[in-house]
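Note on naming: letters A, B, ... go to the chains in the order of the sequence lines (proteins, then strands), and numbering restarts at 1 for each one. Note: hydrogens, waters and symmetry copies are ignored here, and every other heavy atom, side chains too, is used.
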Amino acid sequence: MQGNGLKIGFIIAFLVLTTWYLIPSIQWSLEQNYIEELSTSEAAQYREDNAAKLQDLRDNKLSLGLDLQGGMHVTLEVGTAQLIQELAGEDRDSLLTNVIQEARTNAIEQDLDFIDEMVRIFEERDPNARLSRYYRNDAMNITRRSTNQEIAQFLKTQRQSALDRAIEIIRSRVDRFGVTEPSILKQGTNRIIVELPGVEDKERVRNLLKGTARLEFRLAADAQEFGNFIQQSYNYFDQLAQDTTAQSDSVAGANMFDMLLPSDSPYVFGYAEARDTSAVYDIIRQPEIQRMMPRNTTLMWSANPFPTETGGELFQLIGVRTQVELTGDVIEDASIQFDPATNVPEVSMSMNSEGARKWGRITGANIGKPVAIVLDGYVFSYPNVQNKISNGRSSITGLDGVAEAEDLVNILLSGALPAPLDIIEERTVGATLGEASINAGLNSVLYGLMIVAIFMIIYYRTGGGIADLALLLNIIFILGILAAFKATLTLPGIAGIVLTIGMAVDANVLIFDRIREEQRTGKTIKASIEAGYANAMSAIIDANVTTFFVALILFSFGVGPIKGFAVTLMAGIVSSLFSAIVITRVIVDYLSRTKQDAVSFG
Amino acid sequence: MRWFETPNFNFTGSRKIAYVVSAVLILISVGAIISKGLQYGIDFKGGKEFVLEFDQPINVVEVRSSLGEPLGSVPEVKLFGSESDILIRTDNEDEINEVQTRIMNTLSEVFPDNPATVIKTDVVGPRFAEDLKSGALQAVIYAIVIIFIYIMVRFRNWTFSAGAVAALIHDVVITLGVFTILSDVVDFSLQIDQNIIAAFLTIVGYSLNDTVVVFDRIRENSNVHKGMDYIPMVNKSLNDTLSRTVITSVTTLFVVLVLFIFGGEVLKGFSFALIIGIILGTYSSLFVASALVVELKGDK
C-alpha cells in the first residue's frame with residue numbers, strides 16, 4: 001500500500017480542482033439570492049455597480065439549459081433552392097427552375113446535398129449543357145467556359161457565405177433585441193440554431209428571426225391601363241357569375257363578388273377580408289385574368305387592414321409595377337418617429353448617396369403619382385409623391401404599434417438576409433415550467449441519493465458507508481467536470497446524474513460482493529480486500545467502457561437536451577470509476593490497517 | 001445483510017422456458033408494433049405541441065371538442081402533470097403564431113372564467129423530424145455495431161458478442177412493444193421522441209453492463225476450472241454474480257422509480273422506459289445472453 005500517498009494526493013487535487021470550478025456557480029446563486037431580497041431600484045443599482053463581477057460569474061458558472069431556465073430554441077434553415085435560383089438572376093429559364101425544383105424534392109427525400117443533386121439532374125437532362133450560362137460572375141472568375149464542377153463549387157461557396165452572412169445578421173438582430181446570453185450556432189451546411197434564454201414574447205422573436213426584410217420601392221401601376229384592367233376583369237367575373245347559374249360547378253365566379261369589394265381608386269383592384277385573401281389571390285392567378293393584366297404589372301396585398309363600419313377588417317389588393325426601382329440595400333439609417341398629429345409610430349429612413357440620387361430621380365419623374373413601399377411582398381404604404389425628394393429620406397407608415405416599428409428598425413439596420421430563413425424547429429419553455437423542472441430534478445437527485453445511501457449502509461455496513469462517501473464526492477466531481485467543460489445542465493442531464501448514482505454503486509457492489517466471496521474461502525480480511533479489488537477490476541472496466549461508448553454515440557448523434565444527457569453520463573462514468581476504485585480503496589485500506597475490527601462488508 | 005449468498009439456481013437448465021417466454025413477449029411486441037405502428041412523438045413525426053396552464057382544473061374532453069373546428073382536425077389533448085395543465089398536439093400546418101392565437105382565442109371564448117397561459121411549445125417541421133429520426137436510427141445501429149466489436153475484441157469470441165447484442169435487441173424490442181401497447185392506457189405520454197431514444201440507449205448500456213459482468217465471470221471461471229463442462233460452468237458464473245446482478249438492479253430501480261415519481265412530467269416517459277428496461281435487462285442477462293452463448297458454442 002505504498003501507493004496510497006500518491007492516491008490521496010490525487011484525490012485531493014481532483015477535489016480541489018472540481019470545487020474550484022464550482023465556486024462561480026455557488027457565488028452566482030448567492031448573489032442572485034441577495035439581489036432577490038433587494039427592492040427593484042436597489043437591485044438595479046447593485047447590478048450596475050457589480051456588472052463586471054456578475055458578468056464574470058455568469059461566464060463561468062454551470063449554465064442551465066433552456067428547459068431548466070425557460071426560453072426559446074429555434075432551428076432555422078436557409079432556403080438554398082431559393083438562393084440558387086436567385087443567383088441565376090435574369091438568366092434563369094424554365095429548364096433551370098424545373099431542375100431546381102426536382103433537385104429540391106430529391107434532396108429532401110433522399111437526404112442528398114442539394115447542389116450536387118441539382119448538377120446531376122441538370123447534366124442528366126442535357127449532358128452537353130453548361131450551368132455557367134446562368135452563373136457568370138467576373139469577380140469569382142466564373143466564365144462561360146467554367147465546368148459544371150466549378151459552378152458547383154462556386155454555388156457551395158455562395159451557400160456557405162449566405163449562411164455566414166445570415167448568422168451575422170441574426171446575431172445583430174438578437175443583440176439589438178436585447179437578450180442576455182444568446183447562443184447562435186451554425187449546424188451543417190444550411191442550418192442555424194438560436195437559443196434565447198428568458199425570452200417571453202415568442203411571436204415577436206419568430207418574426208424577427210424570419211423577417212427577410214426585403215424592402216422595395218416600386219412605382220404604382222399605370223392608372224389608365226390598370227383602370228381598364230379592373231374594368232375588364234370585373235366584366236369577366238360578371239360573365240362567370242351568369243355562367244355559374246347555368247353550370248353549377250363552374251369556378252368561383254359568383255363567389256368572387258362575395259369576397260372582393262370593388263374600389264374607387266384606380267390603383268386598387270379591390271378589398272377583401274383576411275380569410276378570403278388567399279382564395280381571391282388564387283382566382284387572380286388564373287390565366288384568363290393574367291392575360292388581361294397590363295404588362296409589367298402585378299398585384300400585392302396591403303400589409304395592414306383598415307376597419308370597416310361593420311366591424312370587419314379589409315385588405316387592399318394594390319396594382320404595382322413588377323420592376324423594383326430601389327431596394328433596402330440603400331438604407332443607411334432607420335429610426336422610429338411619431339406622427340406629431342396622431343402619435344402613430346412610423347419608421348423614418350435615410351439613404352446612402354447613390355440611393356438618394358436614384359430616389360431623387362424616381363420621385364422627380366413621378367410627381368403626383370403614388371410610389372409603393374413594399375416589405376416582404378406586402379405594400380406598407382403607397383403615398384403620392386408631392387415633390388422631388390433629393391435628401392434620400394422616406395418613411396414607412398401603417399405599422400401595427402411601437403413593437404413592430406422597433407423590430408422593423410432593427411431588421412433594417414441589421415441588413416437584409418441573403419435568402420429566406422425557415423423555422424424548422426422551435427421549442428419554448430416558460431420560466432415557471434423551467435423552475436418546476438429544476439425542483440423536480442433536484443428532488444429526484446436528493447431522494448435517489450438518500451434511498452441508495454441507506455440501502456448501501458444496511459446491506460454492506462462499513463463498506464456501504466464508504467461507498468456513500470464516494471457517492472457524495474462523485475456528485476461534486478460530476479458537477480465540477482460539467483462546469484469545467486462549460487457544459488450545459490439540462491433536464492435529461494439531471495436524469496443522467498440520477499442514473500449515474502444508481503450505476504456508480506455498481507462498481508462498489510461488484511467489489512464488495514467479491515470481497516465477501518474471497519472471505520468465504522477463508523482468506524483474512526486484508527487478503528480478501530486485495531483479491532476482491534483485483535478480481536472485480538476487469539468486469540468494472542469492461543462494463544464501464546461499453547456504457548461509455550454508448551454515451552459517446554449519443555453525444556455524436558443527439559442534439560440539444562440529448563447531448564446534455566450524454567455529457568453527464570460520460571462525466572458520471574469517469575468520476576464514478578474514479579471514486580469507486582480509487583477513493584473507496586484508500587479508505588478501505590486505511591481502515592483495515594488501523595481498526596481491523598471496524599471493517600465489515602456485511 | 002446477505003441475499004443469494006451461495007445460490008444454486010439452474011439458469012441454463014431452464015433456458016428453454018426462457019426462450020418460450022422471450023419468444024412470446026417478442027411476438028406480442030412485434031405484433032403490436034406492426035398492427036398499431038410505433039407511436040412517434042412530434043420529434044419524429046413533426047407537428048406542433050402546446051402546454052397550457054389554466055387557473056383551475058380543466059376538462060380535457062371539452063378542450064378537445066372545442067378545438068376541432070378552429071384547427072381543422074381534432075387535436076390530441078392530454079393532461080400534463082396536474083389537473084389544470086394540458087398538452088395539445090396538432091398537425092395543423094399553418095403558421096405557429098396563427099395556430100397559437102387561434103387556440104388561445106377559442107379557449108378564452110369557451111372557458112371565459114378559466115384563463116390559460118402557454119408554458120411550453122414545441123414545433124418540429126416534417127423534414128427536420130425526418131432528420132431527427134434518421135439520426136436516432138443511426139445512433140442505435142452504431143451503438144450496436146460498436147458494442148459487438150468491443151466485446152469480440154475483449155472476449156476474443158464472437159459468440160459473446162452475439163449473445164450480448166441479441167440480449168439488448170430483445171430488451172429494446174420488448175420495451176418498444178410495451179410503449180406501443182400502453183400508449184393509450186396510461187395518462188402520461190409514451191410517444192417515442194428524442195428523450196426516449198436516449199432512454200433506449202441507456203437501456204442498451206445497462207443491459208450490456210449486466211451481461212458483461214456475467215461474461216467476465218465465465219471467462220474467469222473457464223480459466224480457473226479447466227476441467228468443468230461448459231454448461232455447468234456458465235450456470236456457476238450466473239450464480240456467482242447473481243448477488244451483484246440483483247443488488248445493482250435493485251438500487252438502480254430505486255433511483256429510476258424516484259425519477260419516475262418526482263422527476264416531473266417531462267421525464268415520465270423517459271423514466272418509465274428505464275424501469276421496463278432495467279427489469280428486462282436483468283432478465284435477459286440471466287436467461288438470454290448466456291443461454292445464447294451456450295447454444296452457439298454447442299455442448300462442448
Approximate separation, where rounding is to 0.5 Å, of [X] [atom1] and [Y] [atom2]:
X      : Y      : atom1 : atom2 : value
A/E77  : B/F128 : CD    : CZ    : 9.0 Å
B/I96  : A/E426 : CD1   : CD    : 5.0 Å
A/D506 : B/T245 : CG    : OG1   : 9.0 Å
A/L552 : B/I146 : CG    : CD1   : 7.5 Å
B/E95  : A/I423 : CD    : CD1   : 7.5 Å

Give, as side chain, backbone, both or neither, the part of [X] having an atom under 4.5 angstrom from any heavy atom of chain A.
X      : result
B/Y142 : both
B/I147 : side chain
B/Y206 : both
B/D122 : both
B/E49  : neither
B/E130 : neither
B/V123 : both
B/E265 : neither

What heavy-atom pair brings [X] and [Y] nearest, and what distance separates the two atoms?
X      : Y      : answer
B/G264 : A/A440 : N-CB, 3.7 Å
B/G263 : A/S444 : CA-OG, 4.0 Å
A/A495 : B/L267 : CB-CD1, 4.1 Å

Toward chain B, the part of [X] with a non-hydrogen atom under 4.5 Å:
X      : result
A/Y460 : side chain
A/S556 : neither
A/L433 : side chain
A/T432 : side chain

Shorter than 4.5 Å, heavy atoms on both sides: which option in [options] has the most such pairs with chain B?
options                : result
A/T547, A/V505, A/L510 : A/L510
A/I553, A/I540, A/T428 : A/T428
A/A551, A/G448, A/S538 : A/S538
A/N443, A/L569, A/V545 : A/V545

Report the option among [options] that has the most heavy-atom pairs separated by less than 4.5 Å from atoms of chain A.
options                        : answer
B/R219, B/K48, B/R217, B/Q138  : B/R217
B/V140, B/V118, B/D131, B/T117 : B/D131
B/I119, B/V212, B/V204, B/D43  : B/I119
B/D210, B/T241, B/V250, B/V213 : B/V213

Under 6.0 Å from the CZ atom of A/R461, do we count more than 12 heavy atoms belonging to anything else shown?
no
Answer yes or no: are there more than 12 heavy-atom neighbours, outside B/Y150 itself, under 6.0 Å from its atom OH?
yes
[Y] and [X], any side-chain heavy atoms less than 4.5 Å apart:
X      : Y      : value
B/F262 : A/L446 : no
B/S243 : A/E517 : no
A/D67  : B/K120 : no
A/D542 : B/F215 : no
B/I261 : A/Y447 : no
A/F455 : B/I247 : yes

A/V550 and side-chain contact (heavy atoms from CB on, under 4.5 Å): which partner among B/L201, B/I144, B/N209?
B/L201
Is the backbone of B/R244 close enough, under 3.5 Å, to the side chain of A/D513 for a donor and an acceptor to pair up by distance?
yes
For chain A, which residues from residues 251-258 of chain B have at least one heavy atom closer than 4.5 Å to it?
B/T251, B/T252, B/F254, B/V255, B/V256, B/V258
Begin with the C-alpha distance, continue with both residues' side-chain angles, and end with the deciding distance and a verdict on side-chain contact (heavy atoms from CB on, under 4.5 Å) for A/E203 and B/Q100.
CA-CA 9 Å; A/E203 199 175 325; B/Q100 187 173 334; over 6 Å; no
